[in-house]
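What follows is a single structure, written as structure tokens, with notes after it.
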Amino acid sequence: MENLPPSMLHKILSTVATMSLRDFGSARIAFPGFNEVGRENHFYRSANIIYLNDWVHEVSVVRTFRLKCYRSGNPEAIYLRGMYEFFMLHLLDEGREKIHLAGERGCELAQFVNGMLNLAFSVDRRGIVHNYPAFTRQHVYKMFQIICSWQLSGHWDYDKPGMFLFVAERIDPNVPCDCWCSHIDPAEFEVSLNGSRSRWKCDRCFWNCAAWDFCDEIHLTARAWPIED
């Protein structure tokens, strides 16, 4: 361990912190190299906290860790704070600003959420979205796997903001029913990351369905933020 470079110690300690903050503390006590890395602002600025657990016996430690990351400018912490403000405090402008900032600082999930929110809010009176983000379809499938995973999803104990509900309810998920792409004969299919096949859709139908699915799922990933902040 003493021969490992600081960058490798950082990766190991970051992984440990994501799994258990109790083990994170133990690792810093057991090995001076981990303790040195764990003191640096760079560690808190770049730690992966999207999947940080919320075990009951570690709640206070988790809150302290998240606040340190946020105050150090961690993109994932900024994203989580933005999601909390947008979906739980109903501060839509402040929340979207933080989500956008987190995306600019390199948080991939924030980049996706920001792009999909822009897409959803571009819905017209016919229920069709227009502001297509520059994501590939495979990237959309990848990000949906993340936001629908059990580690992030399943948070129900709050009401969605009225403006978000208004936008989500206007998006028409049935656009493909009357589109030319649904009448291609023979039918064309595309394969998602999990190996499942679905009927190919034109861009208009694909993004309309993606926007509707996004609005139906993303609010479940918002989590409470430390009240000390």
Side-chain angles (χ1 to χ4, degrees), residues 50-51 76 79-80 82-88 90 92-93 95-100 102-104 107-156 158-223:
I50 292 291
Y51 297 102
E76 293 188 0
Y79 165 75
L80 292 174
M83 289 289 288
Y84 169 70
E85 290 184 352
F86 186 93
F87 286 104
M88 302 185 76
H90 299 185
L92 273 63
D93 292 338
R96 290 188 69 178
E97 181 180 349
K98 286 183 175 63
I99 293 170
H100 177 75
E104 287 187 330
C107 177
E108 186 178 48
L109 186 55
Q111 294 168 357
F112 178 73
V113 171
N114 184 59
M116 294 302 288
L117 283 174
N118 290 336
L119 175 68
F121 276 83
S122 72
V123 63
D124 64 19
R125 294 180 180 179
R126 299 172 298 164
I128 298 174
V129 296
H130 297 277
N131 192 15
Y132 304 160
F135 304 138
T136 65
R137 297 191 180 198
Q138 289 301 308
H139 182 70
V140 173
Y141 296 144
K142 170 189 171 183
M143 300 312 293
F144 268 117
Q145 282 189 332
I146 292 175
I147 67 175
C148 294
S149 64
W150 66 267
Q151 296 100 321
L152 294 187
S153 191
H155 300 272
W156 293 89
Y158 58 90
D159 296 323
K160 289 178 284 187
M163 178 59 72
F164 178 78
L165 281 174
F166 176 71
V167 169
E169 290 171 355
R170 288 174 57 193
I171 299 173
D172 184 4
N174 298 314
V175 168
C177 297
D178 299 321
C179 185
W180 62 269
C181 67
S182 64
H183 302 294
I184 296 177
D185 189 21
E188 296 182 8
F189 295 88
E190 54 187 357
V191 181
S192 64
L193 294 178
N194 62 9
S196 62
R197 296 202 319 162
S198 59
R199 189 155 187 156
W200 179 85
K201 300 181 183 71
C202 66
D203 283 346
R204 186 186 72 155
C205 294
F206 173 81
W207 287 114
N208 241 69
C209 291
W212 191 90
D213 289 338
F214 171 80
C215 291
D216 192 49
E217 293 287 346
I218 191 60
H219 66 96
L220 300 177
T221 69
R223 285 168 281 175

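Just so it is clear, the structure is predicted and the values come from calculations on it, not from any experiment.
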Treating R199 as the side-chain partner and S182 as the backbone partner, does any N or O pair qualify as donor plus acceptor under 3.5 Å? yes

Rounded to the nearest 0.5 angstrom, the CZ-CD distance for F86 and E97 is 13.5 Å

Relative to each other, are the rings of W207 and F135 parallel, tilted or perpendicular (30° and 60° limits)? tilted

On a heavy-atom basis, the closest approach of G127 and N208 is O-ND2, 2.9 Å

Rounded to the nearest 0.5 angstrom, the CZ-SG distance for R204 and C209 is 10.5 Å

Discussion item. Around atom CZ of F189, are there more than 12 heavy atoms from other residues, nucleotides or ligands closer than 6.0 Å?
Written reply: yes

In this structure, OH of Y141 is separated from CD of E190 (nearest 0.5 Å) by 3.5 Å

Task: Note, E85 side chain near I99 side chain (heavy atom, < 4.5 Å) - done: no

CG of L220 to SG of C148, rounded to nearest 0.5 Å, is 8.5 Å

May I have the step-by-step check of side-chain contact (heavy atoms from CB on, under 4.5 Å) for W212 and V175, ending in yes or no? CA-CA 11 Å; W212 191 90; V175 168; over 6 Å; no

When rounded to the nearest 0.5 Å, the distance separating CD of E217 from CZ of F144 is 8.0 Å

In this structure, CE of M83 is separated from CG of L80 (nearest 0.5 Å) by 8.0 Å

> Are the side chain of D124 and the backbone N or O of V129 linked by a donor-acceptor pair below 3.5 Å?
Replying inline: no

query = Given the rule in the side-chain contact (heavy atoms from CB on, under 4.5 Å) test, do F214 and V140 qualify, once you have shown the distances and angles that lead to the verdict?
reply = CA-CA 10 Å; F214 171 80; V140 173; over 6 Å; no

Scan the side chains in residues 107-123 for donor-acceptor partners under 3.5 Å anywhere in the protein, sequence neighbours excluded, and list what turns up.
| unit_1 | atom_1 | unit_2 | atom_2 | d |
| --- | --- | --- | --- | --- |
| E108 | OE1 | K142 | NZ | 3.4 |
| E108 | OE2 | K142 | NZ | 3.4 |
| Q111 | NE2 | G103 | O | 2.9 |
| N114 | ND2 | H100 | ND1 | 3.3 |
| N118 | OD1 | R96 | NH2 | 2.5 |
| N118 | ND2 | N114 | O | 3.3 |
| S122 | OG | L119 | O | 2.6 |
| S122 | OG | H130 | N | 3.0 |
| S122 | OG | N131 | N | 3.0 |

Scanning both residues in full, the closest heavy-atom pair of Y79 with I50 reads CD2-CD1, 3.6 Å

Handout entry: Salt-bridge present (K98, D93; N to O < 4.0 Å)
Key = no

Compare all side-chain heavy atoms of W200 with those of F206 and state whether any distance is below 4.5 angstrom. no

When every non-hydrogen atom of I171 is compared with those of P173, the smallest separation belongs to O-CD, 3.3 Å

